[in-house]
Amino acid sequence: MGFDFSRLVPSIPFILEGIWFTLTVVVGGAALGLLIGMILSFMRISKNRVLDGIAAGYTSIFRGTPLIVQLVLLYYVLIDLTGIDLGLYWSTILALGLNSGAYMAEIIRAGILAVDKGQSEAAMALGVPYSKIMGKIIMPQALKNILPAIINELTALTKESAIVNIIGAQDIMRRSMLVGMRNFRFIEPMLLAAAIYYVLVMIISSIGKLVERRLAKSDQS
């Protein structure tokens, strides 16, 4: 068949417009996921078995079921069962956030447990409140250690966001598919979509490495 990008050229601006939707739902989902992950990680490390059990159950369900199923349930089924219509945009952010939160929780929990217990024990012996121990001693070190894992989760979320096209979201993938159907050629728009996602992932990875280097320099100074 060969490649014929000449028919794709007029549609490139239309496809590129999907970048904004993709980025906003990824950033929104990642922010929500980080918040949920922090809450769940604190529940997991608490001595309360009920909280630990709830958090463990949450992570098990959202890590054990496909993101596409969670998205469909939130967008199509939720309104049928409760009458609540989140809309396409917020359903997408919520689905990405809830799913990402389950992975973030385990990442953050691992980072907290990796910090030397002696530091928190010494702070407690000095009478430092638990909230300050976590906020000023444990979490800064934990987040610094798990930054690469968080960046990996963010890049994975960027790629996984492509599935939102199934509910009609006008993201990069959806717009590329529409162009393919209009031109009866899918290979060129799909290659362009792949290139766009690749560039986005490389940008996120580069930003992550830059932050890592900055943090490493701050530790040395």
Side-chain angles (χ1 to χ4, degrees), residues 16-46 55 58-59 62-63 67 89 92-126 128-162 164 171-172 193-221:
L16 293 179
E17 287 176 7
I19 295 176
W20 175 249
F21 183 92
T22 296
L23 286 179
T24 54
V25 296
V26 167
V27 171
L32 178 60
L34 184 59
L35 176 61
I36 293 174
M38 292 188 70
I39 294 173
L40 291 175
S41 64
F42 290 143
M43 292 171 66
R44 289 300 312 272
I45 65 175
S46 71
Y58 178 99
T59 55
F62 279 90
R63 293 179 67 183
L67 174 57
Y89 183 75
T92 299
I93 290 179
L94 186 59
L96 293 177
L98 291 173
N99 183 271
S100 179
Y103 292 92
M104 288 285 194
E106 293 304 302
I107 292 173
I108 296 172
R109 184 171 75 98
I112 292 174
L113 295 178
V115 178
D116 184 10
K117 291 184 178 180
Q119 297 184 46
S120 58
E121 292 173 354
M124 291 177 65
L126 294 173
V128 180
Y130 180 77
S131 59
K132 289 188 176 180
I133 293 175
M134 290 301 297
K136 295 187 176 181
I137 299 176
I138 305 299
M139 287 308 297
Q141 296 182 70
L143 291 175
K144 194 177 297 183
N145 293 333
I146 63 177
L147 181 60
I150 291 177
I151 296 299
N152 286 338
E153 172 60 19
L154 185 56
T155 58
L157 197 64
T158 302
K159 292 179 289 185
E160 290 171 357
S161 70
V164 304
D171 67 329
I172 298 166
I196 294 172
Y197 282 111
Y198 178 78
V199 170
L200 292 178
V201 167
M202 290 300 101
I203 291 174
I204 293 171
S205 299
S206 298
I207 293 174
K209 291 178 182 178
L210 178 62
V211 174
E212 285 183 59
R213 287 196 293 267
R214 290 286 180 88
L215 291 175
K217 288 182 180 179
S218 64
D219 288 341
Q220 297 173 359
S221 59

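None of these values were measured; they are calculated from a predicted model. Quick note: numbers below take in every heavy atom, side chains included, and nothing from hydrogens, waters or symmetry partners.
The CE atom of M124 lies 12.0 Å from the NZ atom of K117; values are rounded to the nearest 0.5 Å. Of the inter-residue distances, the one linking T24 atom OG1 with I19 atom CD1 reads 11.5 Å to the nearest 0.5 angstrom. Distance check, rounded to the nearest 0.5 Å: OG of S100 to CG of L67 gives 9.5 Å. Note that the CD1 atom of I146 and the CZ atom of R109 stand 12.0 Å from one another [nearest 0.5 Å]. Rounding to the nearest 0.5 angstrom, the gap separating the CD1 atom in I196 from the CG atom in L16 is 5.0 Å. Atom CG of residue L94 and atom CG of residue N99 lie 11.0 Å apart, to the nearest 0.5 angstrom.
Nearest heavy atom pair, residue D171 against residue S161, reads OD2-O, 3.7 Å. Nearest heavy-atom pair, T59 versus A105, reported as atom, atom and distance to 0.1 Å: CG2-CB, 4.0 Å. Residues T155 and N152 come closest through the heavy atom pair OG1-O, 2.7 Å. Here the closest heavy-atom approach between residue I36 and residue G97 is recorded as CD1-O, 3.9 Å. Residues I112 and S41 come closest through the heavy atom pair CD1-OG, 4.2 Å. Pairing each heavy atom of L40 with each of G101, the nearest pair is CD1-O, 4.0 Å.
At a threshold of 4.5 Å between non-hydrogen side-chain atoms, the residues Y103 and F62 do not count as touching. Looking at heavy atoms from C-beta onward, M139 lies out of side-chain contact with V115 at the 4.5 angstrom threshold. Contact of the E106 side chain with the R63 side chain is registered, since non-hydrogen atoms from C-beta on lie closer than 4.5 Å. Side-chain contact between M134 and F42: present, with at least one pair of heavy atoms (C-beta onward) separated by less than 4.5 Å. By the 4.5 Å heavy-atom criterion applied to side chains, Y197 and T22 are counted as neighbours. No side-chain heavy atom of L96 sits less than 4.5 Å from a side-chain heavy atom of L32.
Here the options are L23, V25, V26, the test is side-chain contact (heavy atoms from CB on, under 4.5 Å), and the partner is T158; only V26 passes. Among I150, L143, L34, the one residue that satisfies the side-chain contact (heavy atoms from CB on, under 4.5 Å) test with I107 is I150.
Using a 4.0 Å cut-off between charged side-chain N and carboxylate O, E212 and K209 make no salt bridge.
Atom CE of M202 has more than 12 neighbouring heavy atoms from other residues, nucleotides or ligands inside a 6.0 Å radius.
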